[in-house]
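This report concerns only the one structure given below.
Atoms within a ligand are numbered from 1 in the order they appear, just like the ligands themselves. Both backbone and side-chain heavy atoms feed into the values below; hydrogens, waters and symmetry mates do not.
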Amino acid sequence: MKLVTIIGARPQIIKAAALSRAIKSHYADSIQEVIVHTGQHYDDNMSQVFFDELGIPRPDYNLHVGSASHGVQTARMMEGIEEILLKERPDFIVLYGDTNSTLAGATAAAKIHIPIAHVEAGLRSFNKSMPEEINRIVCDHCSTLLFSPTQAGIDNLQREGFNLNNEPPYTIDNPKVFHCGDVMYDNSLHFAEIAETKTDIINRLNLNDKPFVLATVHRDTNTDQPERLNAIFSALLKLSKKQPIVLPLHPRTNKMLKTNLDTTLKEQLFSSSDIRIIPPVSFLEMIALEKQAHLVVTDSGGVQKESYFFQKPCIILRPETEWVEIVETGNAILADADEQRIMEAWNQFESQPDAGFPEIFGDGKAAEFILQQLIQAKK
Ligand code: UD1
Ligand code: UDP
């Protein structure tokens, strides 16, 4: 069986590592994976570092599309992906998550009748002002095999008209929905111990035995709207007086801080010794930080989940989340870009014991399950 895997943005490269690893361990003789990197993320610390560290095979193709507006970026990717699909003629194209690379892969493949397997299907924020919400909906509705990590994802797809009882042969018009667990959980389990032995970030940042908050910010609504960016950084400055903060900074945020942050806040932020702003870190370093952190503050989907995997409370800098289960269990609080709600969430977590972390993201073998279903569907 031949798969074409599309990756492009940081979280997709990390997610793809789980499937590539499972192919190498169990299906090296029966599955050929052709990897296409769209080039959506291109800085070494947003892309190459993950190939070096996670053992992902070198991409067979790199489209080098780089950064551009949504339309331009997606169109460039579609053009390149279509050409590759026509040449490679895979049994399935494998798409991850909800980025523009996902959207480009979905629209290019569906029009030339290459079946799509969507990993991380069914997630919804019910907020179509997010580019990711558009990307997910389009991709799910063009897919033949939909792999949902959570029950909420299955419920969303059912509400949108997907029949959970479809029988093979599966097609774009007779798709199959699977509840399979989360490939990011597979990765977190696999790399948790390796992260401790292979990274020295905790020592390097002098964090041994010191409680700290781990923060990330990159959502376009938070970086591109000055009011929201100012509220978030004002809250982080306040929070850092209670506990030091480590903030690996996404390049989008790095750029937007310069233009969108008030001068006074900027001065306070860059002179603060309580907020450590560092360049994006590797996945192993990120896991090491997550394991050691006292609490996580983030607008990232992946980091929200990892904070749950490593049993840390999480303050979510968004009005809603696709990962509703982690809020429902009481381990994450939606605080939006609202200084008061962020501080209230901190106080709430400080005054209550953690709520317990039931296993809602599978058994750490989602990638193997996905490959089994792909092989089955091809027969
Ligand atoms: C993208 C995804 C988002 C995902 C995030 C993960 C879309 C619409 N958004 O957002 O869902 O959560 O990736 O990180 O696909 N930049 C660099 N170097 C890089 C990459 C980006 O400097 O290697 C800067 C550029 O200024 C670029 C900006 O970051 O314009 C945004 O990059 P882009 O890929 O368009 O969106 P993200 O915000 O990264
Ligand atoms: N991540 C990383 N280094 C960083 C920040 C995040 O390796 O400096 C990892 C993080 O552990 C998670 C993934 O990147 O696995 C999340 O990606 P991101 O926050 O960029 O996007 P999202 O998940 O919101 O789409």
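- The N/O atoms of T99, backbone and side chain alike, include none that comes under 3.5 Å of an N/O atom in ligand 1.
- Using cut-offs of 30° and 60° on the angle between ring planes, the pair F191 and F283 is perpendicular.
- Geometrically, K210 does not engage F212 in a cation-pi contact, judged by NZ or CZ lying under 6.0 Å from the ring centre and within 45° of the ring axis.
- Closest of all the heavy-atom pairs between P279 and N45 is CB-ND2, 4.0 Å.
- Distances between N or O atoms of K255 and those of ligand 1 include at least one value under 3.5 Å.
- Per-residue contacts place R219 under 4.0 angstrom from the following atoms of ligand 1 (heavy atoms of the residue considered): 11 (O), 12 (O).
- When only non-hydrogen protein atoms are considered, atom 22 (O) of ligand 1 lies nearest to P251 CB, 3.3 Å.
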Query raised in the report: Does the side chain to side chain donor-acceptor pair (under 3.5 Å) test come out yes or no for Q376 and Q372, once each step is laid out?
Result: CA-CA 6 Å; Q376 194 64 31; Q372 282 160 9; over 6 Å; no
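- Counting only non-hydrogen atoms, the option in A9, G39, S67 that gets closest to atom 27 (C) of ligand 1 is S67.
- For ligand 1, the atoms lying closer than 4.0 Å to a non-hydrogen atom of H250 are 14 (O), 37 (P), 38 (O), 39 (O).
- Between D299 and R228 there is no salt bridge, since none of the side-chain N atoms of the basic residue sits less than 4.0 Å from a carboxylate O of the acidic one.
- Checking only distances, S101 never comes within under 3.5 Å of ligand 1, N or O to N or O.
- Salt bridge annotation for E88-K2: present, with a cationic side-chain nitrogen under 4.0 angstrom from a carboxylate oxygen.
- Nearest to atom 7 (C) of ligand 1 among the protein's heavy atoms is Q40 NE2, 3.6 Å.
- Ring geometry, Y185 versus F309: the interplanar angle falls from 30° to 60°, so the pair is classed tilted.
- Remark: ligand 1 and N135 share no N or O pair separated by less than 3.5 Å (distance only, no angle test).
- Looking at atom 6 (C) of ligand 1, its nearest protein heavy atom turns out to be P11 CD, 3.5 Å.
- Nearest heavy-atom pair, L145 versus L374, reported as atom, atom and distance to 0.1 Å: CD1-CD2, 3.6 Å.
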Requested in this report: For the pair L157 and R124, evaluate side chain to side chain contact (heavy atoms under 4.5 Å, CB included) and give the outcome as yes or no after the intermediate values.
Outcome: CA-CA 9 Å; L157 291 170; R124 297 289 181 268; 3.9 Å; yes
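- Checked for salt-bridge contact, E350 and K242 miss the test: no charged N lies under 4.0 Å from a carboxylate O.
- In this structure, the protein non-hydrogen atom closest to atom 17 (C) of ligand 1 is Y42 OH, 3.3 Å.
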Report task. Could you check T329 against N331 for side chain to side chain donor-acceptor pair (under 3.5 Å), going step by step and ending with a plain yes or no? Result -> CA-CA 6 Å; T329 59; N331 293 295; 2.8 Å; yes
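- Between Q12, H70, R252, it is R252 that holds the heavy atom closest to atom 29 (O) of ligand 1.
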**Report entry** Residues T102, E132; criterion side chain to side chain donor-acceptor pair (under 3.5 Å); working and verdict
**Finding:** CA-CA 9 Å; T102 317; E132 293 85 356; over 6 Å; no
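- For atom 12 (O) of ligand 1, the closest non-hydrogen atom of the protein is H218 NE2, 2.8 Å.
- The nearest protein atom to atom 11 (O) of ligand 1, hydrogens excluded, is given as E132 OE2, 2.6 Å; this is a heavy-atom distance.
- Using a 30° and 60° split on the angle between ring planes, F178 and F369 fall in the perpendicular class, above 60°.
- Looking at atom 8 (C) of ligand 1, its nearest protein heavy atom turns out to be N100 OD1, 3.3 Å.
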Report task. Give the intermediate values and the outcome of salt bridge (charged side-chain N to carboxylate O under 4.0 Å, His left out) for residues E120 and K305. Result -> CA-CA 13 Å; E120 225 174 68; K305 278 185 294 171; 3.5 Å; yes
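- Relative to atom 18 (N) of ligand 1, the option among T74, D43, I13 with the closest non-hydrogen atom is D43.
- In this structure, I333 is a member of the same hydrophobic cluster as M343, with clusters built from ILVMFWY side-chain heavy atoms closer than 4.5 Å.
- Under 4.0 Å from ligand 1, not a single heavy atom of S300 appears.
- Looking only at protein heavy atoms, the nearest one to atom 35 (O) of ligand 1 is Q73 NE2, 4.0 Å.
- Residue H41 places at least one N or O, backbone or side chain, under 3.5 Å from an N or O of ligand 1.
- Among protein residues, R10, P11, I14, F50, M184, H218, R219, P248, P280, V281, S282, F283, M286, E290, S300, G301, G302, V303, E306 come within 4.0 Å of ligand 2, judged on heavy atoms.
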